[in-house]
Number of protein chains: 2
Amino acid sequence: MVQKKKQLTEPAKVDASASPKRRGRPRAYEPDVALGKALDLFRKGGFAATSLDDLSSATGMNRPSLYGAFGDKRELYIKSYQRYRDDARAATAEIFRAEMPIRKRLARIYAIALDIYLSGDAGPRGCFTVMTATSEAIADPDIRAMVLDALVGLDRAFAICFQRAKESGELPPSADPAVLGQLASATVHTIAIRSRAGVSRMELELIVNGAIDVMVGDK
Amino acid sequence: MVQKKKQLTEPAKVDASASPKRRGRPRAYEPDVALGKALDLFRKGGFAATSLDDLSSATGMNRPSLYGAFGDKRELYIKSYQRYRDDARAATAEIFRAEMPIRKRLARIYAIALDIYLSGDAGPRGCFTVMTATSEAIADPDIRAMVLDALVGLDRAFAICFQRAKESGELPPSADPAVLGQLASATVHTIAIRSRAGVSRMELELIVNGAIDVMVGDK
DNA sequence: CTTTTTTTGTACCATATCGCAAAAAATGCC
DNA sequence: GGCATTTTTTGCGATATGGTACAAAAAAAG
């Protein structure tokens, strides 16, 4: 199964609100919230350490229902990851799009990243893209492609920010947006890793602020 | 995975180096090389996805021997991780210690990191510290402590480099060694992640070179 | 040769795992 | 009401898993 090229235009919501009355026994779950629960579990333990029984009890669906709704465990993992990416993109899209000073833009992006990485009942959960890269990406080409797409997507989003800052005179002409974009991504990656190692939000914010200073110039 | 049935009675490889004649039946394995094989497996698949059967067949030791030599699976994982850290430190110690220009020092450190991350029969394996952070670190305080120690240890080693560069006039007085050290670590983390996503060594070197330029000034 | 010590090899246990088939239940449509 | 359709539920089965018991094997010590 080749990866679908779904970019921002994802209709996706076949919600019950407008559905013309399904025919059989009604579902006892809502696919969206069930997928959210599955994502929570996968984010906590990863693919291999999360069993179908865990997923079943967390979602309230028993295994056959899970299977029918999302496919096997691997497919469920992939759908969970896509959900994660969609959420993350939705949370940052406005900031990447709007007009604002580069420092403020970076600070807001990192604040959202920290919100995502530090959330969780059982401790901070880090970045699911990073988790997937370090676990399933090697053995599974489809998953690896998704991860790579996410990584370069973030690089590019940051690079565009730096490019605009350069055009507006916030950065010197010698600045290289592509390099700075990768460095901004590297900062995301490092706080994702450190968050799972138990580093506090305050320390992570210090790291972020230091990185911003180096990237756009100390002010 | 089926275990290879090795019926051969191995000719008792006692490490004849300096052992003062052990008393019982000699070991059929060498603990050091067995631990190395275990590390290879863990680096490839992580803790949960690596079974005792896999470890048994890779090391040539059967499970009771594994258990007797290294303890249970978790202890074996921890010992493997310590081995990894020791190896990594040994490979970089000389570079961190010797006197050389900051650019050269960074370049050599990153070259070694890439050697480690890109090695492996079944594709690049990335950084075991990063893998451990994104998998076992949350649920296991002992492991989390080891990971955190590794992370701040690298920060500090880099920071010392920048401090020395500052004292020798390679960096301006305004440079902050601690911040630069964390950014140098962030660059390590990002290439570790990207290596597992399939990014080529050439591209990773471009990222590294760009990061060096930003950290110590474009030359 | 016998005893002692250490490691190995085989077998085993209790549980967990994934995936699926068949039956039961709940709804809409006629 | 009766049938069709869809979902849920129960439970199965084949295998994998981590861990362990126990006896045979191999070597040094006495």
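In what follows, chains are A, B, ... by sequence order, proteins preceding strands, each numbered from 1.
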* Asked: Hey, what do you get for OH (Tyr67(A)) to CD (Glu75(A)), rounding to the nearest 0.5 Å?
  ->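 It is 7.5 Å, given to the nearest 0.5 Å.
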* **Residues Arg83(B) and Asp86(B) bridged, charged N to O under 4.0 Å** =>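 Salt bridge flag = no for Asp86(B) with Arg83(B).
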* Are the charged groups of Asp40(A) and Lys37(A) less than 4.0 angstrom apart, N to O? ->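 Salt bridge flag = no for Lys37(A) with Asp40(A).
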* Evaluate the side-chain proximity of Ile160(A) to Phe96(A): yes if any heavy-atom separation is below 4.5 Å, no if none is. =>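 In short, these two side chains do not touch, never coming nearer than 4.5 Å.
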OP1 or OP2 of [N] under 4.0 Å from side-chain N/O of [X]:
X        : N       : result
Tyr67(B) : dT20(D) : yes
Asn62(A) : dT9(D)  : yes
Ser65(A) : dT8(D)  : yes

Distance in angstrom units between [X] [atom1] and [N] [atom2], rounded:
X        : N       : atom1 : atom2 : value
Leu55(B) : dA16(D) : CG    : P     : 16 Å
Leu66(B) : dG19(D) : CG    : P     : 11 Å
Arg63(B) : dT10(C) : CZ    : C1'   : 11 Å
Leu76(A) : dG19(C) : CG    : C1'   : 14 Å
Met61(B) : dG9(C)  : CE    : P     : 10 Å
Asp53(B) : dT10(C) : CG    : P     : 14 Å
Asp54(B) : dG18(D) : CG    : C1'   : 12 Å
Leu52(A) : dG11(D) : CG    : P     : 19 Å

By nearest atom, which of the nucleotides [options] is closest to the [X] side chain?
X        : options                  : answer
Pro26(B) : dT7(D), dA26(D), dG19(D) : dA26(D)
Arg27(B) : dT7(C), dC20(C), dT20(D) : dT7(C)
Tyr29(A) : dT20(D), dT17(D), dT7(D) : dT7(D)

* Asked: Closer to the 5' end of DNA chain C via nearest nucleotide, is it Phe47(A) or Pro64(B)?
  ->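 Counting from the 5' end, the first nearest nucleotide belongs to Pro64(B).
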* To do: Would you tell me whether Tyr77(A) and Thr132(A) have side-chain atoms, one donor and one acceptor, within less than 3.5 Å of each other?
  =>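 Per modelled atom types, Tyr77(A) and Thr132(A) side chains form a pair under 3.5 Å.
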* Identify whether any heavy atom of Ser51(A) sits under 4.0 Å from a base atom; if not, whether one sits that close to sugar-phosphate; answer base, sugar-phosphate or nothing. =>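 Touches sugar-phosphate only.
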* To do: Under 4.0 Å between any heavy atoms, over every strand shown, what does Thr50(B) touch: base, sugar-phosphate, or nothing? Just pick one.
  =>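 Here Thr50(B) touches the backbone only, sparing every base.
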